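Single-structure report; data block below.
Just so it is clear, the model here is predicted, and its values are computed rather than measured. Reminder, nothing fancy here: chain letters follow the sequence lines and each chain counts from 1.
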Amino acid sequence: MGIARLADVIKEEAAEAVNSFPLRQYRDRVIALDASIAIYQFRTAMPKLFNRNGENISHLQGLFYRTLHLLENGIKPVFVFDGRPPDLKQPLLARRAEAAGARRDAAESRRAENLPRPLKQDCETLLSYLGVPYVQAPAEAEATCAALVKSGKVWCTATEDMDALPFGSLRLIRHLSSKKNCEVEEISLPDILQKLGMTQEQFVDLYILLGCDYCGKIWRLGPKKALKLLQQHGTIEQVLQNIDPQKHPLPANWDLEGTRRLFLQPEVADPGRITLEWRDPDPEGLVRFLAHEKHMNESRVCQRLQRWQEAQSKPREAQPKQRVPREGRRQRKLGEFFPASKRARPPEVPGPRPSRKRQKLQVGTPGEAGSPDPGK
DNA sequence: TCTCTCACTCGAGACGTG
DNA sequence: CCACGTCC
DNA sequence: ACATCGAGTGAGAG
């Protein structure tokens with residue numbers, strides 16, 4: 001909610017903290033993604049895709065395509081799942097549920113976990129077959145993403161949500177999708193703090209004044225004034241002593257300390273106890289799971305996997321100079337994806353299998369030879 | 001008059017083809 | 001390169 | 001087996 005405001009403030013007052021880089025610069029970088037947000041977007045924002053059992057599989061399709069796109073660009077993604085929402089967020093969730101209407105007991109039972117159980121399990125299964133690690137956050141996913149960045153295990157957080165910044169994610173990238181453009185917007189937290197002349201604590205205060213999800217905001221105190229007053233007085237308490245309480249009433253049940261603590265000492269997964277490993281995607285497993293079990297269009301799955309494979313076998317695209325030694329890449333042929341039996345295939349598609357020869361997929365080991373650091 | 005805030009609406013992903 | 005229709 | 005979230009407008013207050 002207050003996210004747009006923060007984006008505006010940053011663009012206007014700390015434009016130097018925002019840079020655009022081509023996606024290629026993130027080759028070999030570990031990037032944390034908020035899984036719940038992505039999945040929810042796939043599920044809601046899209047023409048819903050139903051398989052023959054009437055199950056909505058938009059999230060699988062979306063996650064499959066998007067993750068392969070990242071892998072093709074040499075990115076090492078790690079997905080972070082939301083845990084239990086903090087108590088301070090309950091009023092907001094309740095309001096949303098109420099606005100949504102009808103069912104409050106359903107909302108009640110759903111409070112513990114954001115995503116329906118089977119939905120999440122499907123995604124975890126898919127990620128496992130893709131060889132991509134995922135992390136279960138105890139609370140807000142953004143908080144754990146930030147902790148992973150701070151620990152150095154992860155290079156940056158990829159999200160459209162600005163929450164990661166007050167949580168302390170040093171780098172935040174946006175617009176990470178497979179658009180033609182391939183330009184990624186990177187926001188540097190240290191640069192923001194330096195340009196605004198603020199500490200992280202003051203930045204959190206700013207975020208609170210802008211109207212974060214965890215507590216109400218002060219009436220008639222928008223981005224411009226909030227920034228100016230905070231820079232002038234240092235803390236929200238000091239700001240409050242310098243504005244007219246009549247004109248700027250505080251919201252009810254305003255837990256300022258609790259909200260600050262939520263950002264500054266959030267409940268996160270311990271990065272020290274997390275090991276991130278990436279394996280090659282398992283094409284056979286993917287076809288089995290997506291096409292046979294979940295009834296995604298089989299030829300589409302295979303086509304996409306094949307494209308991924310071809311991209312693997314010629315990594316020269318990114319760096320024409322540095323050639324990956326041929327020995328470094330082990331190539332192995334896999335059996336046919338399609339089991340010899342054409343059973344599950346209803347004859348509705350007359351000629352869906354044009355080139356049989358290309359159905360053989362090869363698994364290549366992604367070159368460990370990395371490119372030098374991206375910007376700064 | 002201009003700036004700022006707030007309430008509202010709308011679009012949203014990835015692919016292949018032409 | 002873009003606009004458009006399909007994905008199940 | 002349900003409803004998200006931010007960017008972009010327009011009205012109104014200070």
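Remark on DNA chain D: of its neighbouring residues A:Arg43 and A:Glu160, the 5'-side contact belongs to A:Arg43, judged by nearest-heavy-atom nucleotide. Nearest-nucleotide assignment on DNA chain D puts the 5′-proximal partner with A:Phe50, out of A:Arg220 and A:Phe50.
The interatomic distance linking A:Arg5 (CZ) with B:dA7 (C1') rounds to 11 Å, in whole Å. Straight-line distance from the CG atom of A:Leu119 to the C1' atom of D:dA1: 11 Å, rounded to whole Å. When the C1' atom of D:dA3 is taken as reference, atom NE2 of A:His59 falls 17 Å away, rounded to whole Å. D:dG6 atom P lies 12 Å from atom CG of A:Leu172, rounded to whole Å. Put simply, CD on A:Glu55 is 19 Å from P on C:dC7, counting in whole angstrom units. A:Phe64 has its CZ atom 13 Å from the C1' atom of C:dC7, to the nearest Å. Look at CG on A:Leu227: it is 15 Å from C1' on B:dT3, rounded to the nearest Å. If you take CD of A:Glu12 and P of D:dA7, they are 14 Å apart, rounded to a whole angstrom.
A:Leu221 comes within 4.0 angstrom of sugar-phosphate atoms only, judged by non-hydrogen atoms across all strands, and of no base.
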### Query
With the sugar-phosphate defined as primed atoms, P, OP1 and OP2, and the base as all remaining atoms, what B/S/- string results for nucleotides 13-18 of chain B, 5' to 3', for protein heavy atoms under 4.0 Å?
BSSS--

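Within the 3.5 Å criterion, the main-chain N or O of A:Asp82 finds a donor-acceptor partner in the side chain of A:Ser36. Between the side chain of A:Glu13 and the backbone N or O of A:Ile10 there is no donor-acceptor pair closer than 3.5 Å.
Salt-bridge annotation for A:Glu140 and A:Lys89: present, with a side-chain N of the basic residue lying under 4.0 Å from a carboxylate O of the acidic one. The pair A:Glu186-A:Arg174 fails the salt-bridge criterion, with no side-chain N (NZ, NE, NH1 or NH2) lying under 4.0 Å from an Asp/Glu carboxylate O.
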### Under the 3.5 Å Watson-Crick or G-U criterion, the dot-bracket string of DNA chain B, with | for inter-strand pairs
.|||||||||||||||||

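Surrounding CG of A:Asp270 are more than 12 heavy atoms belonging to other residues, nucleotides or ligands, all under 6.0 Å away. In this structure, A:Gln194 places its CD atom where only 12 or fewer heavy-atom neighbours from other residues, nucleotides or ligands lie under 6.0 Å away. The 12-atom threshold is exceeded at CD of A:Glu237, counting heavy atoms of other residues, nucleotides or ligands nearer than 6.0 Å. Taking a 6.0 Å sphere around CG of A:Asp87, one finds it holds 12 or fewer heavy atoms contributed by other residues, nucleotides or ligands.
Between A:Arg174 and D:dA7 there is a side-chain polar atom (N or O) within less than 4.0 angstrom of OP1 or OP2. Residue A:Lys217 places at least one side-chain N or O under 4.0 Å from the OP1 or OP2 atom of B:dC6.
Between B:dG18 and D:dA3, the two P atoms lie 41 Å apart (nearest whole Å). A gap of 23 Å separates the C1' atoms of C:dC7 and B:dC10, to the nearest Å. Distance check on atom C1': D:dT4 versus B:dG13 gives 15 Å, rounded to whole Å. For the C1' atoms, the distance from D:dA13 to B:dT1 is 14 Å, rounded to whole Å. Distance check on atom P: B:dG11 versus C:dC4 gives 14 Å, rounded to whole Å.
A side-chain donor-acceptor contact under 3.5 Å links A:Gln136 and A:Lys120.
Taking the six-membered ring for Trp and thresholds of 30 and 60 degrees, A:Phe167 and A:Phe263 have ring planes inclined between 30 and 60 degrees apart.
Comparing B:dT5, D:dT4, D:dA7 against the side chain of A:Lys224 picks out B:dT5 as the nearest. Here the nucleotide nearest the side chain of A:Trp219, chosen from B:dT5, D:dC2, B:dC6, is B:dC6.
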